[in-house]
Participant: 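Mind having a look at this structure? Questions to follow.
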Amino acid sequence: MPRQVDHESRRRLIAEAVCHLADERGLEGVTLRDVAARAQVSMGAVQRCFRSKEEMLVFALGHIGERIGERVRARLVRSPAQSAGTALGLAANEISLLREEHRAEARVWLAFVAQAAVSEALAGTLKANYAALQEAFTRLVAEAGEGAGRAEPLDPQREARTLLALADGLTTHVLIGHLTPHEAHDVLHAHLAGLWE
């Protein structure tokens, strides 16, 4: 059993090295040799953990998704009595990666998104991540919409898709300097407020 735990922790260590290198150089600058050096493990250790560079990248992308998911869950747990609308806002804020402390993670996430356009394996991982987020957002929109008293009922699935696309777009706009984090937060909050009117 300890050997398996060690193997998994080494895979996470390697995934962190991939993320650091991707932040510095983009995914095209990530080589197995450089990952091994950054993780302070041998090339053989990297190759024992991952059969190919693509497998390593898929794992690293999943690792980032898990980290973001853990932060979303932690924020929701801290305020268990909150409304579904508040929970949706907290989750959307977290996945949009707008805070300064998440800037490197946002750069790495977008590098993976760009690479997924030409990698079926990465695209599959992203689609699975987005499907899980869409399901959670759909549930929260439906729950929050029940008490909103709108003249026309919301389409929870469409609104969840829109919110995910908006969060991703805001990440990009902040990274390239088109919007400040504050302006992006204003856009996100205005959109969320408009859902319940």
Participant: Near Glu135 CD, under 6.0 Å, is it more than 12 heavy atoms from other residues, nucleotides or ligands?
Facilitator: no
Participant: Regarding Thr171 and Asp168, is there a side-chain donor-to-acceptor distance under 3.5 Å anywhere?
Facilitator: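 On atom types as modelled, these side chains do not qualify, holding no pair under 3.5 Å.
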Participant: To the nearest 0.5 Å, what is the distance between OG1 (Thr31) and CZ (Arg25)?
Facilitator: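 Going from the OG1 atom of Thr31 to the CZ atom of Arg25 covers 6.5 Å.
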Participant: Out of curiosity, Ser96 OG to His185 NE2, how far, rounded to the nearest 0.5 Å?
Facilitator: 6.0 Å
Participant: How close do Ile14 and Ala45 get, counting heavy atoms only, and between which atoms?
Facilitator: CD1-O, 4.4 Å
Participant: Nearest 0.5 Å please: distance from the CZ atom of Arg158 over to the OG1 atom of Thr138.
Facilitator: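 Reported value, rounded in 0.5 Å steps: 11.5 Å.
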Participant: Test side chain to side chain contact (heavy atoms under 4.5 Å, CB included) on Leu97 and Arg103 and set out the steps.
Facilitator: CA-CA 7 Å; Leu97 303 172; Arg103 198 73 74 238; over 6 Å; no
Participant: Quick check: do Cys49 and Glu8 have side-chain heavy atoms less than 4.5 Å from each other?
Facilitator: no
Participant: For His178 and His173, take the angle between the two ring planes, folded into 0 to 90°, and tell me which bin it lands in: parallel under 30, tilted 30 to 60, perpendicular over 60.
Facilitator: perpendicular
Participant: Is it the case that more than 12 heavy atoms not belonging to Glu120 sit under 6.0 Å from its CD atom?
Facilitator: no
Participant: Less than 4.5 Å apart, any side-chain heavy atom of Thr180 and any of Val174?
Facilitator: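 Thr180 does not reach Val174 side chain to side chain.
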Participant: Check Asp34 against Gly29 and note the closest heavy-atom contact, atom names and distance.
Facilitator: OD2-O, 4.1 Å
Participant: To check you understand the geometry: which heavy-atom pair defines the closest contact between Lys53 and Leu32, and what is its length?
Facilitator: CA-CD2, 4.3 Å
Participant: Just by distance, no angles: are the side chains of Arg71 and His102 close enough, under 3.5 Å, to form a donor-acceptor pair?
Facilitator: yes
Participant: Working to the nearest 0.5 Å, report the span between CZ of Arg161 and OH of Tyr130.
Facilitator: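 Reported value, rounded in 0.5 Å steps: 14.5 Å.
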Participant: Mind listing the closest non-hydrogen atom pair of Gly89 and Leu192 along with its distance?
Facilitator: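 Taking every non-hydrogen atom into account, CA-CD1, 3.6 Å.
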Participant: Do the side chains of Leu61 and Trp109 get nearer than 4.5 Å, heavy atoms only?
Facilitator: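 SC-SC contact between Trp109 and Leu61 confirmed.
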Participant: Take Leu122 and Val58 through the test side chain to side chain contact (heavy atoms under 4.5 Å, CB included) and record every step on the way to the result.
Facilitator: CA-CA 6 Å; Leu122 289 174; Val58 167; 3.9 Å; yes
Participant: With Glu16 as reference, evaluate Arg38, Arg11, Arg67 under the side chain to side chain contact (heavy atoms under 4.5 Å, CB included) test and give the passing residue.
Facilitator: Arg67
Participant: Give the intermediate values and the outcome of side chain to side chain contact (heavy atoms under 4.5 Å, CB included) for residues Asn129 and Lys127.
Facilitator: CA-CA 5 Å; Asn129 285 345; Lys127 284 191 260 187; over 6 Å; no
Participant: What are the two closest non-hydrogen atoms of Ala92 and Ala167, and how far apart are they?
Facilitator: O-CB, 4.4 Å
Participant: As a quick check of understanding, evaluate side chain to side chain contact (heavy atoms under 4.5 Å, CB included) for His182 and Leu98, giving each step before the final call.
Facilitator: CA-CA 9 Å; His182 181 74; Leu98 299 178; over 6 Å; no
Participant: Nearest 0.5 angstrom please: Arg48 CZ to Met43 CE, how far?
Facilitator: 11.5 Å
Participant: Going by heavy atoms in the side chains, are Leu88 and Trp196 under 4.5 Å from each other?
Facilitator: yes
Participant: Tell me the closest heavy-atom pair linking Ala22 and Val30, and the distance in Å.
Facilitator: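 Distance-wise, the nearest heavy atoms are N-CG2, 3.8 Å.
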Participant: Do Phe137 and Ile95 make a side-chain contact, defined as non-hydrogen atoms from C-beta onward lying under 4.5 Å apart?
Facilitator: yes
Participant: Rounded to the nearest 0.5 Å, what separation is found between the CG atom of Asp23 and the CG atom of Leu110?
Facilitator: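 Answer for the CG-CG pair, Asp23 versus Leu110, is 11.5 Å.
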Participant: Does any part of the side chain of Leu21, heavy atoms only, come nearer than 4.5 Å to the side chain of Leu27, both counted from C-beta?
Facilitator: no
Participant: With the side chain counted from C-beta on, respond yes when His63 and Val18 share a heavy-atom pair under 4.5 Å apart, and no when they do not.
Facilitator: no
Participant: Quick one: are Ile68 and Ile64 in side-chain contact, heavy atoms under 4.5 Å?
Facilitator: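 Ile68 vs Ile64: side chains touch.
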Participant: Do Arg99 and Glu105 pass the salt bridge (charged side-chain N to carboxylate O under 4.0 Å, His left out) test, and can you show the C-alpha distance, the side-chain angles, and the key distance before you say yes or no?
Facilitator: CA-CA 10 Å; Arg99 291 199 303 272; Glu105 196 170 55; over 6 Å; no
